Amino acid sequence: MRKPLIAANWKMYKTPKESLAFLSEFLPLVKDHTSSEIAIFPTMSSLGYVIEATKDSNVTSGAQTMHWLNEGPYTGQTSPTMLESIGCTRVLLGHSERRIYAHETDDMVNLKLKAALEHDLIPIVCVGETLDKRQSGLTEAVLCWQIAVALNGVKGASCGQLVIAYEPVWAIGTGSVATPEQANEAHAIIRREVARHLGAPCASCMRILYGGSVKPDNVASLMSQPEIDGALVGGASLHAKSFHEIISNAT
Ligand SMILES: O=C[C@H](O)COP(=O)(O)O
């Protein structure tokens, strides 16, 4: 049984100075924490500082996105080799905000996932339906499609190399958290689809995180569900005390 993974996605918040201020408050709070893995995804401008500041700690960090190629004329992009070169070990892929605002497609997520696995970057692939799709009864179809395209051509990722985050778009930043049952049901669909594409051993040992309005007071009920292996936290991860509370309550 793998430990839960509790991850902070800081989105476009915190300068390097603010990121380091967070860590000086947060790292002492979690220094003896062993019951889950902790990861932080800061902005690209803070990432190198966060990697350096967490290197002797139980906190890992990663990028919020990357390109799939190693180099090229792609203004504003960062490549897997560039992330590797600064000691980055994780990367978020296909977050719905990237899909909406940067027009990332399922095919691009697939290219990024293959590149991440080649470079030993542990990917968190984000999937999830919009409110409209849920209300049309299409949640399962959306999840099956996103997983099928993301995993197309991926050769049996080894245990623990792949993490998926179920983030219903309607729950992100809205305060409308999915019920534990809704989340568990979606996670079971995702695990079943991963088993179909990559095999049962990979599906059973990979972690599926829930993301969308996770707070200190709802994380325990989400984590009590058998299919939920962790959380991807946005707004409530921006303050050291509230992120620490989520980590404590999750386990
Ligand atoms: O990646 C994190 C999610 O988008 C959730 O954000 P939120 O906790 O602010 O709803």
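Order of listing sets the numbers, starting from 1, for every ligand and every atom in it. As the structure is a computational prediction, the values presented were derived from the model and not from experiment. Values below: all heavy atoms of this structure, side chains included; hydrogens, waters and symmetry mates excluded. For reference, positions follow the sequence shown, starting with 1.
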Verify the neighbour count for atom CD of Glu181: are there more than 12 heavy atoms of other residues, nucleotides or ligands below 6.0 Å?
yes

Is there a donor-acceptor pair under 3.5 Å between the side chain of Tyr210 and the backbone N or O of Gly212?
yes

For residues 138-145, which side-chain N or O atoms pair as donor and acceptor with protein atoms under 3.5 Å away, sequence neighbours left out?
{"residue": "Glu140", "atom": "OE2", "partner": "Arg192", "partner atom": "NH1", "Å": "3.1"}
{"residue": "Glu140", "atom": "OE2", "partner": "Arg192", "partner atom": "NH2", "Å": "2.9"}
{"residue": "Trp145", "atom": "NE1", "partner": "Asp106", "partner atom": "OD2", "Å": "3.2"}

Heavy-atom proximity to atom 10 (O) of ligand 1 ranks first, among Cys126, Gly173, Gly234, for Gly173

Numbering the atoms of ligand 1 from 1, which are under 4.0 Å from a heavy atom of Gly212?
5 (C), 10 (O)

Okay, side chain of Arg207, backbone of Val163: is any donor-acceptor separation there less than 3.5 Å?
no

Are a donor atom and an acceptor atom from the side chains of Glu167 and His95 found within less than 3.5 Å of each other?
yes

Nearest 0.5 angstrom please: Met44 CE to Gln64 CD, how far?
7.5 Å

Using a strict cut-off of 4.0 Å, indicate which atoms of ligand 1 neighbour a heavy atom of Ile172.
4 (O), 6 (O), 10 (O)

Does some non-hydrogen atom of Ser213 fall short of 4.0 Å from ligand 1?
yes

If we only consider heavy atoms of Lys215, is any one of them less than 4.0 Å away from an atom in ligand 1?
no

Nearest protein heavy atom with distance in Å, relative to atom 3 (C) of ligand 1
Glu167 OE2, 3.0 Å

A quick test of your reading: do over 12 heavy atoms of other residues, nucleotides or ligands sit less than 6.0 Å from CD of Gln182?
yes

Beyond-backbone contact of Met206 with Gln161, side-chain heavy atoms, under 4.5 angstrom:
no

In this structure, atom 9 (O) of ligand 1 is nearest to the protein heavy atom Gly235 N, 2.8 Å

Consider ligand 1: state whether an atom of it lies below 4.0 angstrom from any non-hydrogen atom of Ala171.
yes

What atoms of ligand 1 come within less than 4.0 Å of a heavy atom belonging to Leu232?
1 (O), 2 (C)

Nearest to atom 6 (O) of ligand 1, what protein heavy atom do you find, and at what distance?
Lys11 NZ, 3.2 Å

Could you see which bit of Asn9 sits under 4.0 Å from ligand 1, with heavy atoms only: side chain, backbone, both or neither?
side chain

